[in-house]
Structure formats: structure tokens, C-alpha cells
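Contents: one structure, followed by commentary.
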Amino acid sequence: MLRPNGSVFMPSVFTLIGIPGLESVQCWIGIPFCVMYLMAIIGNTIILVIIKCENSLHSPMYIFLAMLGATDIALGTCILPKMLGIFWFHLIEISFEACLLQMWLLHSFQGIESGVLLAMALDRYVAICHPLRHASIFSQKLLTHIGVGVTLRAAALGAPCLVLIKYRLKVYRTTVVSHSYCEHMAIVKLAIEDVRINKIYGLFVAFTILGFDIIFITLSYIRIFITVFQLPQKEARFKAFNTCIAHICVFLQFYLLGFFSFFTHRFGSHIPPYVHILLSNLYLLVPPFLNPIVYGVKTKQIRDHVLTIFVCSKHLNH
């Protein structure tokens with residue numbers, strides 16, 4: 001096979017340039033990104049500690065919330081340290097294997113988060129529409145199966161992307177990745193060979209995980225709303241609806257940002273590259289940052305325990 005001039009055969013290193021077009025201000029962009037990441041780590045860790053230490057919160061709703069918090073911490077950690085290295089210290093090189101690993105971890109954690117959001121929606125559906133059966137359906141055994149299932153689904157569906165890149169794509173027109181982290185399409189677009197299979201499989205994974213989950217989450221909330229509005233008492237309607245508000249907020253921010261980023265990256269050729277990259281970064285950083293705030297504000301049990309921690313620490317300081 002003849003290689004075009006300047007192409008690279010089986011590169012050992014990729015170069016991540018960060019946010020194309022905004023290289024001169026990346027050091028400043030890194031500051032709010034770092035703040036969001038630290039707040040996400042602190043907020044999700046507090047929620048995890050509260051749920052672990054408080055026996056009254058060992059119910060399915062809070063166990064799923066703990067899964068979501070752990071996934072958010074992992075999701076941010078697999079991209080932000082390297083991103084800040086690019087922005088602040090010009091550490092732009094990443095080995096080919098490390099790049100593929102980051103890509104697989106990133107897309108796996110996205111898939112896990114989507115699966116946990118689906119589990120949370122189904123939990124609310126059963127709790128509100130079939131309250132007498134909730135305890136028997138969402139047993140400890142089922143919770144374990146759900147946790148293992150959403151993890152294996154995301155990891156298994158993401159693994160072929162690594163194989164297709166490593167063993168199908170040998171020649172690259174450049175090793176410069178116009179992104180701040182290793183994203184599937186950003187790498188695939190660099191290859192000279194036919195990448196249709198890679199693109200088709202990437203779309204298949206996206207719609208198999210995100211498409212499947214969003215359909216069943218939407219159906220669950222439609223059934224929940226129908227049941228809630230049929231309740232005879234206004235107080236009962238408000239209480240039932242209030243338990244879903246936090247889930248709806250998290251669901252909307254994750255999927256709206258996700259689909260907007262996904263479609264602009266693939267079909268928004270008229271949109272400047274830096275807009276694509278900023279949207280992708282915000283999609284990965286904003287939900288982990290906002291989730292603890294949303295649940296802390298809207299969930300009374302979490303809010304009460306957080307306030308107790310702050311009150312106790314204040315008394316200790318005095």
C-alpha cells in the first residue's frame with residue numbers, strides 16, 4: 001500500500017492540541033474547568049460518604065445516586081488531569097495505547113452513567129406507580145445485577161472501538177488530534193483508510209446505549225406523570241412529583257448536552273471547531289459538577305445531612 005507524503009504508519013504517540021483556535025487563552029479556560037472538577041469531586045464524595053454512613057439511606061434510590069456519584073468522579077478524573085496538563089504545562093503528547101485507554105474509559109463511564117439514569121427512572125416508576133411491589137422488585141440482588149449489568153454493557157460495547165482502531169487503521173494523515181482528550185471520532189478522522197465501519201459502529205454504540213436508555217427513561221416518566229396527575233389529593237401529587245424533580249433535572253442536563261455535542265461533532269460542519277470542543281468538554285464536566293448540587297438542594301434527606309455536617313464543623317471550630 002502506497003502511503004501519501006507526510007502520513008504516519010502505526011504512530012506510537014498522538015499530540016493533543018487542546019481547544020483549536022483558543023490555544024492562547026487555554027490557560028484561563030483551565031481555571032473554571034479545574035474549579036468545576038474540584039467541586040464535582042468534593043460534592044460527589046460528600047454524597048457517597050453520607051449514603052455509606054447513614055443506614056436510612058441504603059434504599060435503591062440512594063444506592064443508584066451513589067453509583068452516579070462514583071461514575072461522575074471517575075468520568076472527570078479520566079480526562080481532566082491530562083486536559084489541565086495540556087492547558088497549563090503544554091504536556092500535549094500521549095502514547096497511542098494511553099489514548100485508546102482514555103477513549104475506552106471515557107465512553108464506558110458515559111455508558112455507565114446513562115445506564116444508572118435509566119435504573120433511577122425505573123426505580124421512581126415502580127415506587128410511584130406500583131409502590132406495594134417496590135421493595136420486592138428492587139431487592140439487593142437486583143441492585144447488584146443492575147450495577148454489574150450497566151458496567152459490563154458499557155465496557156463490552158466500547159471494547160470493539162479499540163480493536164477497530166488498533167487493528168484496522170494503520171496509516172494516519174497526521175498524529176495531531178484537534179481535541180483536548182482522546183475521543184473516538186477525533187481519532188478515527190485522522191486515518192487515511194476507509195473508516196466507514198468505525199463510524200457505523202460508533203453510531204451503533206451511541207444509539208444502542210443512549211438511544212435505548214432515553215426511550216425507556218422517557219416512557220417511565222410519561223407513566224409517572226399520568227399516575228401522579230390521577231392522584232386525588234393535591235399534597236400527594238406534589239410529594240410524588242417532588243421526588244422526581246432532581247432526577248428529571250439530571251436526566252435533561254446529561255442527555256441534552258450529550259446529544260447536542262454528539263450531533264454537532266458529526267453533522268455540524270459549519271460550526272467552528274472550538275465550539276465542538278468546548279461543548280464536548282462541558283458535556284463531561286457540567287453534569288458531575290451539577291449533580292451533587294441538584295440532589296443536595298432537591299433531596300431532603302441529603303440536604304439535612306449536609307447541613308448537619310456543616311453545623312457540627314462550625315460548632316467544633318468554635
Does [X] use its side chain to pair, donor to acceptor, with the backbone of [Y] at less than 3.5 Å?
{"X": "R168", "Y": "V195", "result": "no"}
{"X": "S114", "Y": "Q110", "result": "no"}
{"X": "E193", "Y": "V171", "result": "yes"}
{"X": "E113", "Y": "G111", "result": "no"}
{"X": "K166", "Y": "E97", "result": "no"}
{"X": "E54", "Y": "L57", "result": "no"}

Show, in sequence, the C-alpha distance, side-chain angles and deciding distance for L190 and V8, and conclude whether the side-chain contact (heavy atoms from CB on, under 4.5 Å) test is met.
CA-CA 10 Å; L190 301 180; V8 183; over 6 Å; no

The test is side-chain contact (heavy atoms from CB on, under 4.5 Å); show your working for F96 and I165 and say whether it passes.
CA-CA 10 Å; F96 181 76; I165 290 175; 4.2 Å; yes

Let me confirm one number: the [atom1]-[atom2] distance from [X] to [Y], rounded to the nearest 0.5 Å.
{"X": "L80", "Y": "I86", "atom1": "CG", "atom2": "CD1", "value": "10.0 Å"}
{"X": "I29", "Y": "I19", "atom1": "CD1", "atom2": "CD1", "value": "4.0 Å"}
{"X": "L117", "Y": "I112", "atom1": "CG", "atom2": "CD1", "value": "12.0 Å"}
{"X": "I293", "Y": "C249", "atom1": "CD1", "atom2": "SG", "value": "12.0 Å"}
{"X": "L282", "Y": "L279", "atom1": "CG", "atom2": "CG", "value": "6.5 Å"}
{"X": "M83", "Y": "Q102", "atom1": "CE", "atom2": "CD", "value": "8.0 Å"}

Give me the ring orientation class for H107 and H184: parallel if the planes are under 30° apart, tilted from 30 to 60°, perpendicular past 60°.
perpendicular

How are the rings of Y172 and F14 set to each other: parallel, tilted or perpendicular (split at 30° and 60°)?
perpendicular

Give me the atom names and distance for the closest heavy-atom approach of [X] to [Y].
{"X": "P20", "Y": "I277", "answer": "CD-CG1, 3.6 Å"}
{"X": "K82", "Y": "L91", "answer": "NZ-O, 2.7 Å"}
{"X": "A155", "Y": "W104", "answer": "O-NE1, 3.1 Å"}
{"X": "T45", "Y": "I41", "answer": "OG1-O, 2.5 Å"}
{"X": "L285", "Y": "P288", "answer": "O-CD, 3.4 Å"}
{"X": "Y283", "Y": "F254", "answer": "CE1-O, 3.3 Å"}

Step by step, work out the side-chain contact (heavy atoms from CB on, under 4.5 Å) result for F89 and L84.
CA-CA 8 Å; F89 307 109; L84 293 179; 5.9 Å; no

In sequence, state the C-alpha distance, the side-chain angles, and the governing distance for F207 and F212, and then conclude on ring-ring contact (aromatic ring centres under 6.0 Å, His included).
CA-CA 7 Å; F207 284 107; F212 175 87; over 10 Å; no

Taking the side chain as everything from C-beta on, heavy atoms only, tell me whether [X] gets closer than 4.5 Å to [Y].
{"X": "S180", "Y": "N281", "value": "yes"}
{"X": "V294", "Y": "I245", "value": "no"}
{"X": "C182", "Y": "V177", "value": "no"}
{"X": "L162", "Y": "M103", "value": "yes"}
{"X": "H179", "Y": "S280", "value": "yes"}
{"X": "F138", "Y": "S59", "value": "no"}
{"X": "S139", "Y": "L142", "value": "yes"}
{"X": "M39", "Y": "P292", "value": "no"}

Side-chain donor-acceptor pairs of residues 63-74 under 3.5 Å, sequence neighbours excluded:
| unit_1 | atom_1 | unit_2 | atom_2 | d |
| --- | --- | --- | --- | --- |
| T71 | OG1 | M67 | O | 2.8 |
| D72 | OD2 | N291 | ND2 | 2.8 |

Other residues, nucleotides and ligands only: do more than 12 of their heavy atoms fall within 6.0 Å of CD on E93?
no

Heavy-atom neighbours of H90 NE2 exceed 12 at 6.0 Å:
no

Show your working on side-chain hydrogen bond (donor to acceptor under 3.5 Å, both in side chains) between S56 and Y62 and close with a plain yes or no.
CA-CA 10 Å; S56 65; Y62 295 104; over 6 Å; no

Please check if [X] and [Y] belong to a single hydrophobic cluster, counting links between Ile, Leu, Val, Met, Phe, Trp and Tyr side chain heavy atoms closer than 4.5 Å.
{"X": "V49", "Y": "I47", "value": "no"}
{"X": "Y167", "Y": "V188", "value": "no"}
{"X": "I217", "Y": "L256", "value": "yes"}
{"X": "L22", "Y": "I17", "value": "no"}
{"X": "L284", "Y": "I42", "value": "yes"}

List the steps and the verdict of side-chain contact (heavy atoms from CB on, under 4.5 Å) for M61 and M120.
CA-CA 7 Å; M61 174 177 158; M120 294 172 88; 5.9 Å; no

Remaining members of the apolar cluster that contains I222, side-chain heavy atoms under 4.5 Å
I226

Expected list for residues 124-133: side-chain donor-acceptor pairs under 3.5 angstrom, two or more places apart:
| unit_1 | atom_1 | unit_2 | atom_2 | d |
| --- | --- | --- | --- | --- |
| Y125 | OH | H130 | NE2 | 3.4 |

Aromatic contact between H247 and F251, with the criterion being ring centroids under 6.0 Å apart: yes or no?
no

